[in-house]
Amino acid sequence: MNSGDFSQVLLTIIQATDNQQRAQAEAILENLKQNDLPKFMILLVSELADENKPNHIRQLAGIQLKNVLESKDVQKRKVLEQQWMQQDEETKKQIRYTILRTLHSPTYEARKTSAQVLAEIASVELPHNQWVEVIGQLLQNIVQPETPHGVQSSLMAMGFLCEVCHVPVLKQQANQILTAVIQGMKDSSNNDIKFAATQALLNCLVFIDENFKNQVERDYIMQVVCESTQSPDVRVRRVSFECLVRIGTLYYSFMKSYMEAIFNITTKSLRDPAEAEEVKLQAIEFWTALAETEGKILEEIQTAIEINEQPERECYQFILSALNPLVVLMTECLTKQEEYQEDGDMSVSNYAGNCVSAMAQVTGDAIVNEIMPFVSTNIDNNDWHFKEAATLAFSAILDGPPPSDNMNALIDQAIPFVLKHVSDPIVLVKDTSVFTLGRIAEFHPDPLINNHLPNVLQALHAAIQDEARVCSKACWTILNIAEAFSGEVSDEKQTYPLSQYFQPLAEMLLRSTLRSDAHESNLRICAYEALSALVHSAARDTYDTLEMIVVELLNRLTQTLEVNQTEEISLIQGLICGSLQVASRKLEFRIAKYADRMMGLYLKIFESKHAGVHEETLLAVGALASALGGDFDRYMPHFIPHLVKGLQTFQYESICTISVNIIGDLCIALREKLFNYTDPIMQVLLSNLQSNDLHRNVKPNIIASFGDIALAIGANFEKYLQFVANILQQACEAQVDTSDEEMVQYLNLLRENILEAYTGILIGFKKENPAAFSPYVDSLLGFIKIVAEDENTDQEVFKNAVSVIGDLAIVYGMKIKHLLQQEFIRNLVEDACNSSDPETKKKGNKAKKSFKKISLF
């Protein structure tokens, strides 16, 4: 294919009104990519670089070229990166050279796309120590400009590269990069260059920690950023504030001397009526992010205190120090709302509400006195802007202060006003008022439940008939009220305060799911989730109503299977299965009369092509198995093929994980009856552990499931013991990079589940055939020694190790006394007995008791 033909194919994709024509053109491109990738890329980069071609063709060519290298899917991206690295050097050189030249194009779209492609290529090659000169080439374009266009696009490319690629070579050249970027921000009279430079600074901030440690350099960087917030160009102002947001998060410990200036800058921006909203949003975001950072630091300090370590960071309490002026500023912003704005809208009032909430979480009780004067003055204001702002301000502080008599009194005073506003003519006031009731129910439920429950439920009855956004929040509020009772283990109670309202609430929620606008504002999802929460909270005197709900849900599920299986229908099926799952666990044996119908419907849903619904259906089957116990055996021949299929669904990690967890439900329900079905289950589990395609997060769950199976089928597990023991031994030998915190956490999770598996196997063999596990005791103790001596071992692993030691003493007693006399074992048990963690101490005392029986303590 020549260049002219190639251009025509691209033009067809852009201009074709006929879908078949477009599909044919896309097929031609795909065929060329699959059969001659080098030529495909050369043609694309030539189109992108050709100044005689229309902008839209050049842009499409650039996007196609970028897609050769980039994918959001991690596995696919690895394949694409490997594919690029396998190309011959001449092809890569030609593409690199052409991209670098196109950075100087007078056409903005072409040079921006070239900057993106360059960043993608460099992000693939730099980790392999290839094309390292690209950074120098970009810097030369910036500090020794050939064209203004080249400066702008090189800064863009540098920004894109810093965003997508974190490699040592970028940090090594941080000084040169920072100098070039600051020069672009400081010296240029070209706003396009200033904007590109500021964006580049935003993306390279993570690399310049050494520069921030130097006060002279830090002061200069902050001066340039703060000056840029006053730029006449709105884009530069916005990104400059974004830089401040990120600096406050990354370099919190250096921020003390800049806080007054930043407060003045943000205040000026927020009070300037001429300032663009996009800039104001970032000014608010600075304080939100700072509050969240302080919250994390306070958590770190608390954790360090609990484990008797020195905290790594100090919290300067910037938010608390500036709380009064910040509250004044944010409440002003709360009044800048529009009548029909939605929750997710990027508006000043929404951002201010989030900021107040973040400040409340980090200042606790202190914010109450600061914000309540505004709330008290305006909660019944005739101007709806102030009324809604006061209501939102009150709701925003609720997850800050802990429950107290003072908070309960304030909530008691506020609720009558909030209830009154649920019927306000302004939709935003109604919406916020119902939201506030939900927040009260979530964080301070006692005053609502004890003093206002009938009135609140009456107001929700009205709200649930309102437009979708209000109805959705009413459902969410019911969910929070129900969850407040779930914490009381109300299933053990004969009655509870919601009993008299249970049926009308359930009927309201069920009606809401059928509304014609139920697809708006997540209404259908919220209604079913609220129904599930209500069912979960139910007391025994509501069980007759609960059974009526089950029948209604089964009728609805039947109806969904009689129509075309679209994604929307699949979503509804998943929601219904979710509610049935909760009902099954709640009703337990009373669900048996519906079991045949339920299982028949679940088996039909498994045939759906929409994988998403399979998750909820698997969970529903697991709940049904738990409720039926051994009686579930009659469904196993029909369910096993679907369980095995779920276990083999590698491409959906969640389905695979749920399938593994369902095995635990089956083990408890069927006990020794499970042995009739363990061959296909064990075969696929063992196969999964050997597969590189299965996500690593699923594998610890699989290992733990061996213990569940052994516990269920007892001595019959000997059939699989040799294979499982070999797998466990391999897992015991796993090592990770201890400088990688995520991998250390994974190793601990793996070890925790290995020890759980050993516990299940030991107890499973205890009664009938303990000798079967004897050959593996030495290797198990060797693993426990590794765990005991590893400074990165966490509490759960330590606790499980002590538990296994105790089980060994119980199962084998005097036969292995000589093995249990090792010093590390004694120390492990003693440490557990002296632990401040109650559960670990309990395990330690239990192990010590077992050891005393064989005269070891």
Side-chain angles (χ1 to χ4, degrees), residues 395 398 403 407-408 411-412 414-416 418-419 422 433-466 470-514 523-553 575-576 578-588 590-591 623 627:
S395 75
L398 290 171
M407 280 304 298
N408 289 349
I411 289 167
D412 275 331
I415 283 180
V418 178
L419 292 175
V422 170
S433 299
V434 178
F435 173 69
T436 302
L437 291 173
R439 295 268 291 181
I440 293 170
E442 184 176 11
F443 298 110
H444 300 271
D446 288 353
L448 185 154
I449 290 168
N450 296 336
N451 305 326
H452 304 277
L453 186 60
N455 292 334
V456 168
L457 294 179
Q458 186 178 352
L460 293 175
H461 181 269
I464 215 163
Q465 299 174 64
D466 212 307
V470 178
C471 179
S472 180
K473 287 189 177 63
C475 294
W476 175 71
T477 302
I478 292 169
L479 179 148
N480 287 331
I481 292 171
E483 288 189 343
F485 289 108
S486 295
E488 299 178 357
V489 198
S490 53
D491 57 334
E492 296 179 2
K493 296 183 177 181
Q494 180 59 33
T495 189
Y496 76 137
L498 286 182
S499 290
Q500 61 181 306
Y501 309 106
F502 193 88
Q503 184 168 339
L505 282 172
E507 289 172 351
M508 281 195 306
L509 293 169
L510 285 165
R511 279 197 302 272
S512 297
T513 66
L514 299 177
L523 171 53
R524 182 178 286 114
I525 294 172
C526 287
Y528 273 116
E529 287 179 348
L531 181 67
S532 294
L534 186 65
V535 168
H536 182 64
S537 75
R540 295 190 183 280
D541 62 349
T542 67
Y543 279 13
D544 288 342
T545 302
L546 234 175
E547 289 192 40
M548 291 167 55
I549 293 170
V550 169
V551 172
E552 173 62 21
L553 291 173
L575 292 168
I576 294 172
S579 295
L580 285 170
Q581 174 208 154
V582 179
S584 295
R585 294 199 184 277
K586 195 71 181 182
L587 288 170
E588 296 179 320
R590 291 182 63 159
I591 203 72

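Taken from CD in Q581 to NE2 in H536, the straight-line distance is 10.5 Å, to the nearest 0.5 Å. The CG atom of L479 sits 9.5 Å away from atom OG of S537, with the distance rounded to the nearest 0.5 Å. Between the OG atom in S499 and the CZ atom in R540 there is a gap of 12.0 Å [rounded to 0.5 Å]. Between the NE2 atom of H452 and the CG atom of L457 there is a distance of 12.5 Å, given to the nearest 0.5 Å. Taken from OG in S472 to CZ in R524, the straight-line distance is 12.0 Å, to the nearest 0.5 Å. Expressed to the nearest 0.5 Å, how far CD of E507 lies from CE of M548 amounts to 6.5 Å.
A donor-acceptor distance shorter than 3.5 angstrom exists from the side chain of N480 to the backbone of G438, with no hydrogens or angles considered. Of the possible polar contacts, one joining the H444 side chain to the L398 backbone as a donor-acceptor pair under 3.5 Å is found. No side-chain donor-acceptor contact under 3.5 Å links T513 to the backbone of Y528.
Counting heavy atoms from C-beta on, the side chains of D544 and Q503 never come closer than 4.5 Å. Side-chain atoms of L460 and V422, non-hydrogen and from C-beta on, never get closer than 4.5 Å to each other. I481 is not listed as a side-chain neighbour of L505, based on a closest heavy-atom distance of 4.5 Å or more. Side-chain contact check for Y543 versus K586: some heavy-atom pair is nearer than 4.5 Å. Put simply, the side chain of D446 does not reach to within 4.5 Å of the side chain of I411, judged on heavy atoms. Side-chain contact between C471 and D466 is absent, with no heavy-atom pair separated by less than 4.5 Å.
Open room surrounds CD on Q458; 12 or fewer heavy atoms of other groups in view lie less than 6.0 Å from it.
The minimum heavy-atom distance between A627 and S584, with the atom names listed, is CB-O, 3.6 Å. The two atoms that bring A474 and A463 nearest to each other are CB-CB, 4.0 Å, heavy atoms only. A459 approaches L419 most closely through the heavy-atom pair CB-CD2, 3.6 Å. Nearest heavy atom pair, residue A539 against residue K493, reads CB-O, 3.5 Å. Nearest heavy-atom pair across V550 and A583 is CG2-CB, 3.7 Å. Shortest non-hydrogen contact noted between P445 and F443 is CD-C, 3.5 Å.
A side-chain N or O of S532 and one of S579 form a donor-acceptor pair less than 3.5 Å apart.
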For the pair L448 and I415, evaluate side chain to side chain contact (heavy atoms under 4.5 Å, CB included) and give the outcome as yes or no after the intermediate values.
-> CA-CA 8 Å; L448 185 154; I415 283 180; 4.2 Å; yes
Yes or no on side chain to side chain contact (heavy atoms under 4.5 Å, CB included) for L509 and I464, after CA distance, side-chain angles and deciding distance?
-> CA-CA 8 Å; L509 293 169; I464 215 163; 4.1 Å; yes
Could you go step by step and tell me if T477 and I440 meet the side chain to side chain contact (heavy atoms under 4.5 Å, CB included) rule?
-> CA-CA 9 Å; T477 302; I440 293 170; over 6 Å; no
Steps toward side chain to side chain contact (heavy atoms under 4.5 Å, CB included) verdict (F502, I549) | CA-CA 11 Å; F502 193 88; I549 293 170; 3.9 Å; yes
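Between F485 and Y496, the ring planes are perpendicular. Angles over 60° get that label, and only those under 30° would be called parallel.
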